[in-house]
Amino acid sequence: MINKRIYRRNLISKAIIGHISNNITEYMVMIIIFIIGIILGTMYINKTDLSQKEEISAYVNDFVEDIQNGSNIDSNKLLRTSIYNNLLITILLWVSGLTVIGMPIVYLIVSIKGFCVGYTISSVIATLGITQGLKFILSTMLLQNIILIPSILVLAVSGIKLYKAIMKDRRRENIKVEIIRYTIIAIFIGIINIIASIVETYVSASIFKIMFT
């Protein structure tokens, strides 16, 4: 039984490594686009007006104070919101990857995700300071994004791979097979993103309470 488990893990590891090595250029492009999004998000906080900065500061401070005062967070509502947002990204990437004209949208979604990450990080640090800000970020953002960001990149690269496969062989049967394969990947990524939402709601929230109470 143990040998079978090890064998399966080795197969999965080899499949993942093979997938990445076969699409290394696409992954590098996506990572660069994501990083550019983070940089733009970090820079954008400096261009927001005073009223927006005050709203962001008030929201972050109120959130931390509620936790410190023992206020309960509606976990069910948080989970529903997180699942909705993560599945929305998954569906948008899947739909965009199905069409030739959707390719620019795939790049745009990846860059927007990077922008949101960069903007959130810079906003929190600007509000709470470096030490408290890093504690906030590590407790609320790190774990789910370790799951979410790679899954988004995988689906984006799979969309590009689908486009290239269809352009290489436009036979109807080939297109059908590639679309089915791409859809299966999208479903798998959707499940992973739901797991990321569960981690965000229960695991990250618990870590946040420990660090800020």
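Please read these numbers as outputs of a predicted model, since none were measured by experiment.
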Is there side-chain contact between [X] and [Y], with at least one heavy-atom pair below 4.5 Å?
X    : Y    : answer
N193 : L148 : yes
M30  : V106 : yes
I121 : M141 : yes
T131 : F136 : no
Y163 : T99  : no
I109 : K113 : no
I149 : F34  : yes
Q144 : V203 : no

Path from [X] to [Y] over hydrophobic side-chain contacts below 4.5 Å:
X    : Y    : result
F188 : V177 : no
I207 : V199 : yes
L93  : I184 : no
I194 : L153 : no
I137 : L128 : yes

Report the distance from atom [atom1] of [X] to atom [atom2] of [Y], rounding to the nearest 0.5 Å.
X    : Y    : atom1 : atom2 : answer
T201 : L79  : OG1   : CG    : 4.0 Å
F208 : E200 : CZ    : CD    : 12.0 Å
N145 : I152 : CG    : CD1   : 8.0 Å
I179 : W94  : CD1   : CH2   : 9.5 Å
I35  : L40  : CD1   : CG    : 12.0 Å
S111 : I32  : OG    : CD1   : 13.5 Å

* To do: Apply side chain to side chain contact (heavy atoms under 4.5 Å, CB included) to V154 and Y27, showing your working.
  => CA-CA 8 Å; V154 168; Y27 275 107; 3.5 Å; yes
* To do: Give the C-alpha distance, both sets of side-chain angles, the deciding distance and a yes or no for side chain to side chain contact (heavy atoms under 4.5 Å, CB included) between V29 and V157.
  => CA-CA 9 Å; V29 170; V157 169; over 6 Å; no
Minimum heavy-atom distance between [X] and [Y], given as atom pair plus value:
X    : Y    : answer
I192 : S151 : CG2-CB, 4.1 Å
G97  : L162 : O-CD2, 3.3 Å
L87  : G190 : CD2-O, 3.7 Å

* Asked: Would T120 and F115 count as a side chain to side chain contact (heavy atoms under 4.5 Å, CB included) if you check the C-alpha gap in whole Å, the side-chain angles of each, and the deciding distance to 0.1 Å?
  -> CA-CA 8 Å; T120 302; F115 180 90; over 6 Å; no
* Between K161 and E178, is the closest basic N to carboxylate O distance under 4.0 Å? ->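 No.
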* Evaluate the criterion side chain to side chain contact (heavy atoms under 4.5 Å, CB included) for residue pair I83 and R80; output intermediate values, then yes/no. => CA-CA 5 Å; I83 289 176; R80 287 196 300 270; 6.0 Å; no
* Other residues, nucleotides, ligands: >12 heavy atoms within 6.0 Å of I180 CD1 ->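 Yes, enclosed.
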* **Pair T42, S122: side-chain N/O donor-acceptor within cut-off below 3.5 Å** =>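 Not at all, the side chains of T42 and S122 share no donor-acceptor pair under 3.5 Å.
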